[in-house]
Amino acid sequence: MKRYTVLLFCFSFLLIISCKQEDVSSLKSNLFQKEGYKKRKKELKIQYLDSLERITNQISNDSILRSFLFDLSAEYYYQNNNKKSAAVCKKILRLSSIAKDTFSIAKSYSYIGDTYEVSKKDSAYYYYQKSEKLYRILNNKQQTGKMLFKKAYILFFEGNYTESEAQVSKALFYLKNGKDAEILFTSYSLMGLNFEKLEEYQDALKYHLHAKSILKYINGNNSDLEKKYLYSVTSSINLSNTYEKNLQYDKSILELESILTSQLKEKLIKGYVNALGNLGYSKMKRGITKGTDNYFKEALTLSKENDLKDNIVYQLKNLGEYYSIIKDSARSTSYLKQSLQLAEKLKMGEEIKKSLQLLSQIDKYNAAIYDKRYIVISDSLAKAQRINRNKYARIEYETSVVEDENKVLSAKNTYILIGALLLIFALVLVIVYRYIKSQKREIEFRKAQQKAEEEIFDLLKEYQLKLSITKELEQNRISKELHDSVMNKLYGARMQLGILNNSDVKEIKEKRLIYVDLLQEIEQEIRTISHDLHNEINETQFDYTNLLSNLIHLQNEIGTKSFTLHVAPEIIWDSIDSLIKVTIFRIVQESLLNISKHANASTCHVTILLDNDHLVLEIKDDGIGFDLSAIKQGIGLQNIQERGKTISAILEIISKPNKGTTIRMKAKIGSL
C-alpha cells in the first residue's frame, strides 16, 4: 500500500526553496547567513527580525527596501512564523501598489499565498491566482508556470486530481523550455502523482521517469547537491509506488533498496521511514512474508521516536494487513483499530477508509458496523471533495468575472477617456484658432490705430506749423506797417513840431516841446513792439510742448476753470516714439474734456516728468470726484485705459467723492 508522507515533505521543502529563495539577492541573503545569526535561538531570531521590520518603517519606499522586505518575509517563513511573514508581505503589497511596481505586486501575492499554504489552502489558492494573472500580464512565463504549479499542488492535496492535472499541464507549457530544473522536476512528479491517483499508472510512470531524467541537470554548490539527493530519494519513492500499483513489485523493491542507506537515515529520517515501510509493503505484496513485519516494526519504532504521527498510522495499518495475510486475526484487528483511532484523531480520511475496509474483511462479526462507517466516511469525503472542487472552481470563476468586468470597465474608460481627450483637443483647437484669429485682428487694428494716430499727429503738427507761419507773416506785416507808415508819419510830425518850435513865444515853445517828447516816447515804444513781434518768429517754431500748451490754452478760453501745464524741460520729445506722444496727447485731451463736463473743478494741473527711462503723466483736479467701486466706468475712462494698454503703460486712477480725481500714467520710453 502506498504512503505519501515523504512526498508531502519533499513538496513542502520544494515550496520553501522554489518560492522563497527565487530572486533573493545574495547581499540580502547573506544578512541571515551570518554565523552569529544562525547560532541564535528561534526566539532571539524572531526578535532580531522584528527589530529589522521596525527599522524599515523609517526607510523611503524604493526597490531596495522592497527587496529587503522580501528577504525579511522569507526569513520569518523559514522560522515557521507565517503570521508575521504574511504581515510583511502585505506591507510589500501596499508599498508596491503605491510605487506601481507590478512585478513586486505579483511576487507579494505569491509570498502571501505561501504563508497560507498550510493553514488556509483556499486563501493560498486565491493569492496564487492573483499572482498568476499579473505574471501573465507581464509575460513572465517562468513565474506564471510556477503559480500554476502551486495551484495544482493545492488541488492535489485537496483531492481534486483532475483539475490538478490540468493546472500542471498548463504549468509545463510555460516551464518546459526554461532552465529551472527543480521546478521541472516537481511539476513532472506532481503530474505523475495525479495520474497515479486517477489510476492511470502507465501515464504516471511516464511522468515519474521524466522527473528522474531531470535530476542530472541539478548541479552546482553544496546546497544544490543536497537538494539533488533529496529529489533523487523522492523520485525513487514515487517510482516504487507506481511500480507497486502496477503490480511490478520487483522493480519497486529494487528502487527502494537502492535508497535505503545510513545516509538517508541520517539526512532524512522521514524519507527513510517511508522507504522502509514501502519496502516491507512491496515484499509483502510480492508474497514474501517471512521477516516482512520487521520492516513495519522498525518503521513504527522510528516514527514514534521522531513523533511522525502520520507514519505511525501507516505502519499500524501495514502491520494489521500483514497479520491479516498470515491469518493472525487478533493481532491484525488490534493494529487496525489502533490505526483507525489515530487516523480519526488526525482526520486522515483516506487512511480511515482503508482501516475500516480491512477491519470489515477481518472482523466479520462487526463487518456491518465497519461497512456503515465506511459508507458514511466515503460520502463525507466525497462531499468534502465536491465542495473543494466547487470552491476552487468558484475562485477561478470569480477571478475571471472580475477580470472580464475590469476589461469591460477598462475598455469603457478608455473609450470615454479617448472621447474626452478628442473633445478637449477639438475645443483647444477652436479656442487656439479663435485666439490666433482675434490676435491677428487685434494686431491689424493696433497697426491701423497707430497709423491713424500718427497721421492725426502729423496733421496737428502741420496745422501748428501753418499757424506759426501765418502768425509770422502777420507779425511781419504789422511790423512793416508800423515801421514804414506809422513811424514815418510820427517822424514827420515830430519834424514839423520841431520847426514850429522856432517860434519865440515862450509858452508855445514849451508846450510844443512836451509833444515832441511824447512823440519820441511813442516812436520808441512802437519800435520796441516791432522788434518784439519780429523776434517772436523764433519762439513760435513748433514743438510737442506747444501742442500741449495750445490744448491747455483752448480749455482755459472756453471755460472759467484754471488749467495749468508743467512739462519737465529735460524731456527731448523728438527722441520719444510718436505713439507714446499721441497717447499722452489723447489722454490729456480726454481727461480735460471729462473734467470740463463732469468734474465741476476749479483747477486742474497737468504735469509731465521724466523718471529714469519712464515718462510720468499726472492729471490732477479738485472736482467732485467719484467712487470707483460704485459707478460704472464711462466711455471716457475706458478710452483712457485702452490707450494706456496700447503702450503697455501702468495706469492708475485715484478718486474719492469730494476729494477730486488724479490720473497717473507711467510709460517706458523706447520700444513698446
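The shortest side-chain heavy-atom distance between Asn318 and Tyr322 does not fall under the 4.5 Å cut-off. By the 4.5 Å heavy-atom criterion applied to side chains, Asp180 and Lys146 are counted as neighbours. The side-chain heavy atoms of Leu336 and Leu316, taken from C-beta on, include no pair separated by under 4.5 Å. Counting heavy atoms from C-beta outward, Asn274 and Lys270 have side chains that approach closer than 4.5 Å. In this structure the side chain of Leu65 never reaches within 4.5 angstrom of the side chain of Ser60, judged on heavy atoms. Looking at Ile92 and Tyr111, their side chains never come closer than 4.5 Å, going by heavy atoms from C-beta outward. When side chains are defined from C-beta on, Tyr335 counts as touching Gln338, because their heavy atoms get closer than 4.5 Å. Side-chain contact between Tyr125 and Leu155 is present, with heavy atoms from C-beta onward closer than 4.5 Å.
The line from OG1 of Thr144 to CG of Leu138 is 8.0 Å long, rounded to the nearest 0.5 Å. Taking CG from Leu239 and CD from Glu255, the interatomic distance works out to 5.0 Å, rounded to the nearest 0.5 Å. Asp293 CG to Glu298 CD: the interatomic distance, rounded to the nearest 0.5 Å, is 11.5 Å.
Considering all non-hydrogen atoms of both residues, Leu193 and Phe156 come closest at CB-CE1, 3.6 Å. Of all non-hydrogen atoms in Lys141 and Tyr174, the two that sit nearest each other are O-CB, 3.3 Å. Across every non-hydrogen atom of Ile362 and Ser332, the tightest pair is CD1-OG, 2.7 Å. Between Leu205 and Thr242, the shortest heavy-atom distance links the atoms N-CG2, 3.8 Å. Of all heavy-atom pairs spanning Leu175 and Gln142, the tightest one is CD2-O, 3.5 Å. When all heavy atoms of Ser189 and Ala211 are compared, the closest pair comes out as OG-CB, 3.4 Å.
A donor-acceptor pair is defined here as one N or O able to donate and one able to accept, closer than 3.5 Å; no such pair exists between the side chain of Lys304 and the backbone of Ile312. Checked by atom type and distance alone, the side chain of Ser360 never pairs as donor or acceptor with a backbone atom of Leu356 at under 3.5 Å. Side chain of Ser282 to main chain of Asn278: a donor-acceptor pair is present (N/O by atom type, distance under 3.5 Å, no hydrogens or angles). One N or O on the side chain of Asp62 and one on the backbone of Ile64 form a donor-acceptor pair closer than 3.5 Å. Asn306 contributes a side-chain N or O that, together with a main-chain N or O of Leu302, makes up a donor-acceptor pair within less than 3.5 Å. Side-chain atoms of Ser108 come within 3.5 Å of backbone N or O of Ser104 as a donor-acceptor pair. Remark: side-chain polar atoms of Ser324 are not paired, donor with acceptor, to backbone N or O of Gly320 under 3.5 angstrom. With Ser164 contributing its side chain and Asn160 its backbone, the two residues share no donor-acceptor pair below 3.5 Å. With hydrogens and angles ignored, the 3.5 Å screen pairs a side-chain donor or acceptor of Thr234 with a backbone N or O of Leu230. Tyr314 places no side-chain N or O within 3.5 Å of a backbone atom of Leu300 that could act as its donor or acceptor partner.
Enclosure of atom CZ in Arg286 is not indicated, since only 12 or fewer non-hydrogen atoms of other residues, nucleotides or ligands lie within 6.0 angstrom. Within a 6.0 Å radius of NZ in Lys297, other residues, nucleotides and ligands contribute more than 12 heavy atoms.
Checking Ser240 against Glu244 by side-chain atom types alone, no donor-acceptor pair falls below 3.5 Å. Under the 3.5 Å distance criterion, with hydrogens and angles disregarded, a donor-acceptor pair is assigned to the side chains of Lys150 and Ser110. Side-chain atoms of Gln79 and Asn81 include no donor-acceptor pair closer than 3.5 Å. With no hydrogens or angles considered, no side-chain donor-acceptor pair links Gln357 and Gln361 at under 3.5 Å. A side-chain N or O of Ser339 and one of Ser355 form a donor-acceptor pair less than 3.5 Å apart. A donor-acceptor contact closer than 3.5 angstrom links the side chains of Tyr76 and Asp50.
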Original post:
Given Glu351 and Lys317, is the salt bridge (Lys or Arg N to Asp or Glu O under 4.0 Å) satisfied, shown in steps?
Top reply: CA-CA 8 Å; Glu351 301 309 314; Lys317 180 171 59 62; 3.6 Å; yes
**OP:** Take Tyr243 and Tyr249, measure what ring pair (Phe, Tyr, Trp, His ring centres under 6.0 Å) needs, and give me the verdict at the end.
**Re:** CA-CA 6 Å; Tyr243 286 137; Tyr249 302 117; over 10 Å; no
**OP:** Take Ser169 and Glu165 through the test side chain to side chain donor-acceptor pair (under 3.5 Å) and record every step on the way to the result.
**Re:** CA-CA 6 Å; Ser169 295; Glu165 181 267 325; 3.2 Å; yes
**OP:** Apply the test side chain to side chain donor-acceptor pair (under 3.5 Å) to residues Tyr295 and Lys283: give CA-CA distance (whole Å), side-chain angles for both, the deciding distance (0.1 Å), then the verdict.
**Re:** CA-CA 10 Å; Tyr295 292 105; Lys283 286 190 173 187; 2.8 Å; yes
**OP:** Report the C-alpha distance between Gln202 and Asn246 in whole Å, list the side-chain angles of each, state the deciding distance to 0.1 Å, and finish with yes or no for side chain to side chain contact (heavy atoms under 4.5 Å, CB included).
**Re:** CA-CA 8 Å; Gln202 290 301 320; Asn246 208 29; 3.1 Å; yes
Subject >> Full working for side chain to side chain donor-acceptor pair (under 3.5 Å) between Gln167 and Glu163 >> reply: CA-CA 6 Å; Gln167 293 289 337; Glu163 185 58 31; 3.2 Å; yes
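For Arg66, the side-chain hydrogen bond (donor to acceptor under 3.5 Å, both in side chains) partners at least two apart in sequence or on another chain are Asn61, Asp101.
Below 30°, between 30° and 60°, or above 60°: for Tyr116 and Tyr127 the angle between ring planes is below 30°, a parallel geometry.
Annotation: Tyr201 is not in aromatic contact with Phe195 [ring centroid separation under 6.0 Å not met].
For the pair Lys107 and Phe70, the cation-pi criterion (under 6.0 Å, within 45° of the ring axis) is fulfilled.
Each of Leu260, Ile259, Ile253 was compared with Glu257 under the side-chain contact (heavy atoms from CB on, under 4.5 Å) criterion, and only Ile253 meets it.
Salt bridge present: Lys91 and Glu53 bring a charged side-chain N and a carboxylate O closer than 4.0 Å. With salt bridges taken as basic N to acidic carboxylate O contacts below 4.0 Å, one links Lys151 and Glu132.
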